[in-house]
Peer 1: 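The structure under discussion is supplied below as structure tokens; questions concerning it will follow.
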There are 2 protein chains.
Amino acid sequence: MASNAVMEETLQVLKDHKLRVTPQRHIILAYLVSHHNHPTVETIRDALSKELPNIGSSTIYNTLNTFVDHHLVVELQNGDGSTHYDYFGSPHYHAICTNCGRIVDVTYPGFSDTEKSLEEKTAEISGYMISGNHMEVYGLCPECQIKLGIKND
Amino acid sequence: MASNAVMEETLQVLKDHKLRVTPQRHIILAYLVSHHNHPTVETIRDALSKELPNIGSSTIYNTLNTFVDHHLVVELQNGDGSTHYDYFGSPHYHAICTNCGRIVDVTYPGFSDTEKSLEEKTAEISGYMISGNHMEVYGLCPECQIKLGIKND
DNA sequence: TTATTACATTGGAATGGTTCTCACTTACTA
DNA sequence: TAGTAAGTGAGAACCATTCCAATGTAATAA
């Protein structure tokens, strides 16, 4: 269950984006803000089974798609066949394990500059009017390196 | 139909990767090498209907998945529900139109450095053993800017 | 060249994530 | 507080992708 602070924050986020405040949206957003586990729709449904026992999958999909449209949330694919979601409160990107699918958030000082420069170059070269980007890095997570008995190249 | 030069090149690529050379694989790879249209499985099937009239969808999926495993090809999602494929002969990334789904290849001098630096930072921070990355930039393509009557922000 | 064998291809069925439909409910506005 | 535009829920529908079993074929070696 999300804290009062998170509930207030997410309430404000919904209002700022002029989204109608329903219990479903509020609780789902609060869950995403307070968890960094890159859940699927099923993960969310299970996690919220106490608070929203009768929620339909359609509602979760609708809600997440709305959040994505409003750039509150990003979609991620890790190769397991279903879409994962991540609240995008502050700029970061993702490292995805090619063996187990684990997703971790990554950022570093200067990352925004890298992003900005990539977008500017792209606009210049392609003529696109840029609205966003996705960066992903693939590799073996530390646990899988051990599991597979790999230490170096 | 792909040129002789392309057929020779792709034959060598398959051999270099120790992939069994079948007509299906050879023709599909040649198609990808000589087109930069980021096709879906259906696009490929239609385009090759003369050369491979009886090819099954499974074969195209199998072939493309094999190529992806060998890092010959990358997968792309543009939001239309199906996966697009792109031969990855030289380092580049993609700009994807959020309105019509158009995908264009982009690169610039210094892009490899950006890539390399992103991967190094990621390895350092996350502990992942990096094997690759995907970068994508989203926005409105020039045609959609006109179509939607947009000139500036 | 031929036999062998492991791998690829087919085509149809199965899978499963996501979207659609529609009746019902609810959050916002005046 | 009533009117209404929008959101929700249950299940059906959709469709891209994978699975499966039978058949075909590319590579290897004698």
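Sequence lines set the chain letters: A, B, ... in the order given, protein chains first and strands last, and positions in each chain run from 1. If you're wondering where the values come from, they're calculated on a predicted model, not measured in any experiment.
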Peer 1: Looking for any heavy atom pair under 4.0 Å, which part of the strands does A:Val41 touch: base, sugar-phosphate only, or nothing?
Peer 2: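 The answer is nothing, as A:Val41 stays clear of every strand by at least 4.0 Å.
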Peer 1: Over how many whole Å does the gap from A:Gln77 atom CD to D:dT17 atom C1' extend?
Peer 2: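 Whole-Å distance recorded here is 13 Å.
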Peer 1: Do A:Val74 and A:Tyr93 have side chains that approach each other closer than 4.5 Å (heavy atoms only, starting at C-beta)?
Peer 2: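 They are not in contact (no side-chain heavy atoms under 4.5 Å apart), so the answer is no.
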Peer 1: For the pair A:His84 and A:Asn78, evaluate side-chain hydrogen bond (donor to acceptor under 3.5 Å, both in side chains) and give the outcome as yes or no after the intermediate values.
Peer 2: CA-CA 8 Å; A:His84 296 247; A:Asn78 71 343; 3.2 Å; yes
Peer 1: In terms of the angle between their ring planes, are B:His92 and B:His94 parallel, tilted or perpendicular, with boundaries placed at 30° and 60°?
Peer 2: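 Answer is perpendicular, since the angle exceeds 60°.
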Peer 1: Please report the closest heavy-atom contact between A:Tyr87 and A:Glu9, naming both atoms and the distance.
Peer 2: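 Shortest heavy-atom separation between A:Tyr87 and A:Glu9 comes out as OH-OE2, 4.4 Å.
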Peer 1: According to a strict under-4.0 Å criterion, is B:Gln24 in side-chain N/O contact with OP1 or OP2 of C:dT10?
Peer 2: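 Yes, B:Gln24 has a side-chain N/O under 4.0 Å of OP1/OP2 on C:dT10.
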Peer 1: Please work out if A:Thr83 contacts a base, only the sugar-phosphate, or nothing of the nucleic acid, heavy-atom cut-off 4.0 Å.
Peer 2: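 The residue A:Thr83 makes sugar-phosphate contact but no base contact.
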Peer 1: Show the numbers, then the answer: is there a side-chain contact (heavy atoms from CB on, under 4.5 Å) between B:Phe67 and B:Arg25?
Peer 2: CA-CA 9 Å; B:Phe67 291 166; B:Arg25 285 177 173 181; 4.3 Å; yes
Peer 1: Base, sugar-phosphate, or nothing: which does A:Thr22 touch, judged by heavy atoms less than 4.0 Å apart?
Peer 2: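 Contact class for A:Thr22: sugar-phosphate only.
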Peer 1: What is the distance, to the nearest angstrom, from the NE2 atom on B:His26 to the P atom on D:dT25?
Peer 2: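 The distance from NE2 of B:His26 to P of D:dT25 comes to 18 Å, rounded to the nearest Å.
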Peer 1: For B:Arg25 and C:dC7, what is the distance between atoms CZ and P respectively, to the nearest whole Å?
Peer 2: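 In whole Å, C:dC7 P lies 11 Å from B:Arg25 CZ.
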Peer 1: Tell me: CG of B:Asp69 to P of C:dC7, nearest whole Å?
Peer 2: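 Answer to the nearest Å: 15 Å.
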Peer 1: Take the protein atom NZ of B:Lys18 and the nucleotide atom P of D:dT28, then report the distance between them rounded to whole Å.
Peer 2: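 The distance from NZ of B:Lys18 to P of D:dT28 comes to 10 Å, rounded to the nearest Å.
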Peer 1: Round to a whole Å and report the spacing from OH of A:Tyr61 to C1' of D:dG9.
Peer 2: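 From A:Tyr61 OH to D:dG9 C1': 15 Å.
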Peer 1: Base of D:dG7, side chain of A:Thr63 - is there a donor-acceptor contact under 3.5 Å?
Peer 2: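 Between D:dG7 and A:Thr63, which were checked side chain against base, a qualifying N/O pair under 3.5 Å is absent.
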Peer 1: Quick one: does A:Thr40 reach the base of C:dG17 with a side-chain donor-acceptor pair under 3.5 Å?
Peer 2: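 Per atom types, no contact qualifies.
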Peer 1: Side chain of A:Ser58, base of C:dC20: donor and acceptor closer than 3.5 Å?
Peer 2: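 Present.
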Peer 1: Using heavy-atom distances to pick each residue's nearest nucleotide on DNA chain D, tell me which of B:Tyr85 and A:Arg20 is more 5'.
Peer 2: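 Its nucleotide being nearer the 5' end, the pick is A:Arg20.
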Peer 1: Given atom CD1 of A:Ile55 and atom P of C:dC24, what is their separation to the nearest angstrom?
Peer 2: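 My rounded result for the distance is 21 Å.
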Peer 1: A:Pro53 near the nucleic acid: base, sugar-phosphate alone, or nothing, with a heavy-atom cut-off under 4.0 Å?
Peer 2: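 Answer is nothing: A:Pro53 stays at 4.0 Å or more from every strand.
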Peer 1: Both A:Glu42 and A:Asn62 contact DNA chain C. Taking the nearest nucleotide for each, which residue is further toward the 5' end?
Peer 2: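 Nearest nucleotide further toward 5': that of A:Glu42.
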Peer 1: Should A:Thr59 be listed as having a side-chain N or O under 4.0 Å from OP1 or OP2 of D:dG9?
Peer 2: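 So the side chain of A:Thr59 is within the cut-off, an N or O lying under 4.0 Å from OP1 or OP2 of D:dG9.
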Peer 1: Using atom CG of B:Asp80 as one end and atom C1' of C:dT18 as the other, report the distance to the nearest whole Å.
Peer 2: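 For the pair B:Asp80 CG and C:dT18 C1', the rounded distance is 14 Å.
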